[in-house]
Amino acid sequence: MSVPTKTEMIAEGKAKKIYATTDPTKLIFYFKDDATAFNAQKKGTIESKGMLNQRISARFFTMLRGKGIDNHYVETLNDREMLVERLEIIPVETILRNLITGSCRKRLDREEGEEPAGPIIEFCYKSDELGDPLINDDHAIAFGWATEKELAEIRRQTLAVNAELKPFLAARGILLVDFKLEFGRTQDGSVLLGDEICPDTCRFWDIETRKKLDKDRFRQDLGEVSEAYLEIDRRTAQ
Ligand code: ADP
Ligand code: MG
């Protein structure tokens, strides 16, 4: 079958434009250079970000599929566009923390870069208005955002992503500090990994120097933002 083509834009998020296609089971993501932080209070652009995030996400999704972790990625169409399986997004963001930084460090007053005894999974309710508040399994189940079975599956897949991505990156001199994943339901009701995996949604530190190579450079005005995304692209290309 020929590659589906774009029809109308169905949503525009903070980082991507989402298009319906001639195939009702597929969507096209257009990756923008727009960057937001702190619940969109800080806005800017990161040169070439869209192109780099498309490429990095595609690479990670392909690697994960090769390791038996299925996901929505179908194919890359051009520099900024990818074809994905259309999902019914579960409004629960899943965060996995290998090292403690960001909101978790603040909330619990932990030491920056502390290594917990094992990876920590957190759930947040996906809501721009509320600033993606932290929730637990009971909230998600009681408010009908996900079933107990789906949450168990989300936890299993998130740990599996970490188990593959962490060593893949470590071999390339990158520490996988934490990351955010989104999952959705397929036509047959199974849980599939979606959205993107890139320096917008992960924290990457240089393994030797602990230099930040992700969106924290934008959040914290550290400079060399595009350069960091380019560095992740360069190191993961091998
Ligand atoms: P946001 O501002 O919510 O972060 P983005 O700019 O990242 O939005 O655009 C991605 C949007 O598409 C998000 O709402 C995300 O939940 C949704 N999404 C991700 N993958 C899929 C998919 N496979 N099918 C349908 N929607 C998806
Ligand atoms: Mg997003």
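In each ligand, atom 1 is the first atom listed, and ligand 1 is the first ligand listed. Side chains included, hydrogens not; waters and symmetry mates left out as well; all remaining heavy atoms used.
No path of Ile, Leu, Val, Met, Phe, Trp and Tyr side chains, each step under 4.5 Å between heavy atoms, connects Ile120 with Tyr125, placing them in separate hydrophobic clusters.
Atoms of ligand 1 found under 4.0 Å from any heavy atom of Gly13, numbered from 1 in the order shown, are 2 (O), 5 (P), 6 (O), 8 (O). Under a 4.0 Å criterion applied to the non-hydrogen atoms of Leu27, ligand 1 contributes the atoms 24 (N), 25 (C). Atoms of ligand 1 lying under 4.0 Å from at least one heavy atom of Ala15, given by number and element, are 5 (P), 6 (O).
Residue, atom and distance of the protein heavy atom nearest to atom 4 (O) of ligand 1 are Lys14 NZ, 3.6 Å. Of all protein heavy atoms, the one lying nearest to atom 7 (O) of ligand 1 is Lys16 NZ, 2.7 Å. Closest to atom 19 (C) of ligand 1 among all protein heavy atoms lies Asp195 OD1, 3.2 Å. Closest to atom 16 (O) of ligand 1 among all protein heavy atoms lies Glu182 OE1, 2.5 Å. Nearest non-hydrogen protein atom to atom 11 (C) of ligand 1 is Ile18 CD1, 4.0 Å. Atom 24 (N) of ligand 1 has Leu87 N, 3.0 Å as its closest protein atom, hydrogens excluded (heavy atom only).
Residue Glu111 places its CD atom among 12 or fewer non-hydrogen atoms of other residues, nucleotides or ligands, all under 6.0 Å distant.
Considering backbone and side-chain N/O of Asp128, none are found under 3.5 Å from N/O of ligand 1.
Checked by atom type, the side-chain pair Arg97/Ser103 shows a donor-acceptor distance below 3.5 Å.
Ionic pairing of Lys16 and Asp34 is not present here: no N-O contact between side-chain nitrogen and carboxylate oxygen is shorter than 4.0 angstrom. At a threshold of 4.0 Å, the pair Asp128-Lys14 counts as salt-bridged, since one of the basic side-chain nitrogens sits closer than that to a carboxylate oxygen.
At a 4.0 Å heavy-atom cut-off, ligand 1 touches Glu196 through the side chain alone. Here Glu85 has backbone heavy atoms under 4.0 Å from ligand 1, and that is the only part of it that gets that close. Contacts between Lys126 and ligand 1 below 4.0 angstrom, taking non-hydrogen atoms only, involve the side chain exclusively. Only the side chain of Ile89 comes within contact range of ligand 1, with a heavy atom under 4.0 Å; no backbone atom does.
A ring-centre distance under 6.0 Å is found for Phe61 and His72.
Looking at Arg217, its side chain does come within 3.5 Å of a backbone N or O of Leu222 through a donor-acceptor pair.
The aromatic rings of Phe31 and Phe29 sit perpendicular, their planes meeting at an angle over 60°, well past the 30° parallel limit.
Atoms NZ and OG1, from Lys180 and Thr158 in turn, are 11.5 Å apart once rounded to the nearest 0.5 Å.
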